[in-house]
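To keep things clear, I will list the structure first and then write my remarks on it.
Reminder, nothing fancy here: chain letters follow the sequence lines and each chain counts from 1.
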Amino acid sequence: MPSPRHEGVSPCGEADDVLLTNLTLSLGTTQIYRDISLTLPGGRTTCLLGPSGVGKSSLLRQIAGLVTGDGQVSIGNQHRSNPLPQIAYMGQTDLLFPWLTAMENVLLGARLRRQKPDTERAQQLLTSVGLPGVGQQRPDTLSGGMRQRVALARTMMENRSIILMDEPFSAVDALTRRRLQDLTADLLADRTILLVTHDPWEAIRLGHKIVVMSGPEAADLHDLPVPSGEIPRSEHAESSVSLHAALLRHLMVPGA
Amino acid sequence: MRGLLYGTISFLLIVLIWWAIKLGTGTPDFILPDPPGVASAMWLNAEMLARHAVVTFSEILLGLLFGIPAGMAAALIIFVSRWARRIAQPILLATQATPVFVYAPLLVYWFGYGLTPKVIMAAIIMFFPVTGAFLDGLRRTDPGMVDLARTMTRNVAGARWLILMRVNIPAALPALASGIRVSVGLAAIAAVVGEWVGSSAGLGHKMLHFNAQAKVDLTFAALAVLVFFSVLLWLLVDRLLRLAMPWQKDSATEEE
């Protein structure tokens with residue numbers, strides 16, 4: 001299914017790069033990270049890998065404007081206000097609102113902003129994630145994988161050019177996770193995505209760019225060369241297997 | 001239906017134990033009446049008991065009518081305003097640490113023997129569980145949901161208010177419901193305490209009189225009426241709350 005046009009795309013049709021410059025965050029007296037600079041290629045998926053507690057999620061939250069730190073976030077050559085207005089956010093759990101139906105959850109953004117809900121498009125999106133018939137069901141009647149797909153439809157409903165995903169598939173089983181990765185690669189192909197994950201295979205399957213964050217300093221950020229080829233990549237390709245080994249090395253021995 | 005069956009069984013069990021104690025110990029009727037004695041006292045005085053039950057339950061219902069909304073309002077004000085929280089929390093704590101019954105004589109002194117002091121007493125007693133539970137629910141709203149809502153209401157006027165109305169409050173409704181259940185459970189205590197301190201009508205008032213006149217069978221009859229209608233009220237409220245929040249699952253509904 002061709003995805004509908006979305007805002008934040010420059011007239012020539014190519015999405016702009018997102019530039020993160022010298023992002024620094026302290027919570028209370030604890031410094032989480034310092035001077036992190038990173039480019040998210042426009043219309044591509046950047047996977048940020050790292051051990052737990054290293055500040056990946058905090059970085060994502062700073063870009064989303066959920067925590068305030070120092071540094072600059074800009075799109076293309078234009079300096080935009082930080083936080084970015086055109087992002088969609090997907091958290092570690094599905095974050096479906098239990099008192100709303102699946103359809104109402106997909107329409108959550110419009111509901112919160114008091115806009116007229118586009119039920120037709122929401123139904124299309126539910127169909128595109130393979131759940132055409134669950135619109136009237138409440139989240140507690142859906143399985144974990146189905147709930148995560150509704151969350152994906154909700155993210156797409158926001159129709160943003162930049163999507164920030166914080167370990168979005170960590171709460172589902174391995175098989176479901178694979179299907180969700182395929183679905184994400186397919187449906188969000190033209191978006192600029194920053195996907196935080198602790199799963200090397202997820203990064204290998206989905207990342208056009210893979211960055212390992214092994215510590216709080218700028219020097220702890222490593223950009224790893226990725227094999228060419230269609231996303232989602234196969235785990236069986238030799239290049240994938242050697243990349244996996246390289247990723248593990250970086251994750252286990254910081255700075256290797 | 002099964003609930004009704006079990007309810008009847010436990011009621012019969014209590015009556016049987018009571019009767020067994022009475023027969024086993026040979027206690028005279030003026031100390032402990034037997035169940036048929038109480039039943040006939042209830043039957044013979046039905047009109048009088050009904051009249052006083054109406055008084056007591058008016059106090060209870062009016063207490064709920066004022067106490068619950070007041071408790072909700074207090075919780076909301078404390079939740080949205082840090083300033084209000086700092087001022088109100090010591091007051092709430094002090095009031096909660098005081099046995100509320102000590103206010104009853106004062107209320108009678110100020111408002112006389114009529115309905116007003118009992119309603120105020122009932123409202124004060126029902127206020128605290130609602131405030132506590134609702135505030136707790138508001139504070140425990142899944143931070144992920146709030147984050148998601150914040151990213152969706154970027155650059156929307158009154159975003160904080162919208163998030164309160166459409167995220168925090170609905171998320172806190174189940175907690176509010178438990179507060180209301182506790183309050184309704186305390187309702188009879190509240191009204192009867194008010195009546196004991198000074199009154200001219202009501203089941204609590206009559207019980208005090210029957211006791212003084214050594215009419216134990218009538219004391220029991222009044223007590224039975226009070227318990228019956230209190231339990232009925234609680235069940236009704238519980239059912240209404242469940243209907244209002246079908247997404248809230250608990251062990252009791254799962255059994256059905």
Side-chain angles (χ1 to χ4, degrees), chain A residues 7-8 57-58 60-68 80-102 104-115 137-142 151 154-155 157-160 162-168 170-171, chain B residues 72 76 80 82 133-134 136-180 238-256:
Chain A
E7 51 181 278
S57 293
S58 299
L60 198 85
R61 287 168 56 80
Q62 187 182 352
I63 301 166
L66 294 168
V67 287
T68 313
R80 297 288 180 99
S81 62
N82 185 14
L84 298 171
Q86 59 270 59
I87 60 128
Y89 173 81
M90 210 170 158
Q92 294 183 2
T93 54
D94 54 68
L95 298 176
L96 296 184
F97 286 26
W99 57 90
L100 301 177
T101 63
E104 288 167 333
N105 267 292
V106 175
L107 292 166
L108 183 68
R111 195 183 178 86
L112 288 173
R113 293 184 293 264
R114 292 208 180 107
Q115 292 163 342
Q137 280 176 251
R138 271 198 322 270
D140 56 288
T141 64
L142 304 175
R154 180 190 59 202
T155 308
M157 190 72 201
E158 286 296 283
N159 208 14
R160 300 301 159 92
I162 301 164
I163 298 176
L164 305 174
M165 301 175 122
D166 187 4
E167 301 185 16
S170 55
Chain B
M72 287 168 64
L76 278 172
V80 294
R82 191 175 302 167
F134 194 33
D136 204 42
L138 289 167
R139 285 186 182 155
R140 282 169 197 266
T141 311
D142 184 343
M145 285 185 181
V146 177
D147 283 350
L148 178 68
R150 282 174 62 199
T151 63
M152 285 176 161
T153 50
R154 184 85 65 225
N155 303 333
V156 174
R160 191 176 172 225
W161 179 248
L162 286 169
I163 291 173
L164 175 71
M165 294 305 289
R166 299 184 183 201
V167 185
N168 291 105
I169 292 180
L173 287 181
L176 172 65
S178 6
I180 291 177
D238 181 59
R239 177 50 58 98
L240 287 176
L241 291 173
R242 275 174 207 280
L243 285 175
M245 281 163 238
W247 70 90
Q248 185 62 14
K249 275 198 194 151
D250 59 25
S251 46
T253 42
E254 237 136 73
E255 251 181 354
E256 278 169 16

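Residues L95(A) and G144(B) approach most closely at CD1-O, 3.4 Å, considering heavy atoms. When all heavy atoms of L96(A) and M145(B) are compared, the closest pair comes out as O-CE, 3.5 Å. Across all their heavy atoms, Y89(A) and L148(B) have their closest contact at O-CD1, 3.4 Å.
Side-chain atoms of R166(B) and R114(A), non-hydrogen and from C-beta on, do get closer than 4.5 Å to each other. Side-chain contact between T151(B) and E158(A) is absent, with no heavy atoms from C-beta onward closer than 4.5 Å. Between L100(A) and W247(B), every side-chain heavy-atom pair lies at or beyond the 4.5 Å cut-off. No side-chain heavy atom of L173(B) sits under 4.5 Å from any side-chain heavy atom of W99(A).
Heavy atoms closer than 4.5 Å to chain A are found in both the backbone and the side chain of V167(B). With a 4.5 Å cut-off on non-hydrogen atoms, P174(B) does not touch chain A at all. Residue L164(A) does not touch chain B at all, counting heavy-atom pairs closer than 4.5 Å. Residue contact with chain A, scored on non-hydrogen atoms closer than 4.5 Å, involves the side chain of D142(B) exclusively. Residue contact with chain A, scored on non-hydrogen atoms closer than 4.5 Å, is absent for A159(B).
Note: P98(A) leads P98(A), A88(A), G91(A) in heavy-atom pairs under 4.5 Å with chain B. Put simply, of R61(A), M90(A), Q92(A), the one with the most heavy-atom pairs under 4.5 Å next to chain B is R61(A).
Judged by distance alone, the side chain of R154(B) and the main-chain N or O of Q86(A) form no donor-acceptor pair under 3.5 Å.
Within 6.0 Å of the CZ atom in R160(B), the count of heavy atoms belonging to other residues, nucleotides or ligands does not exceed 12.
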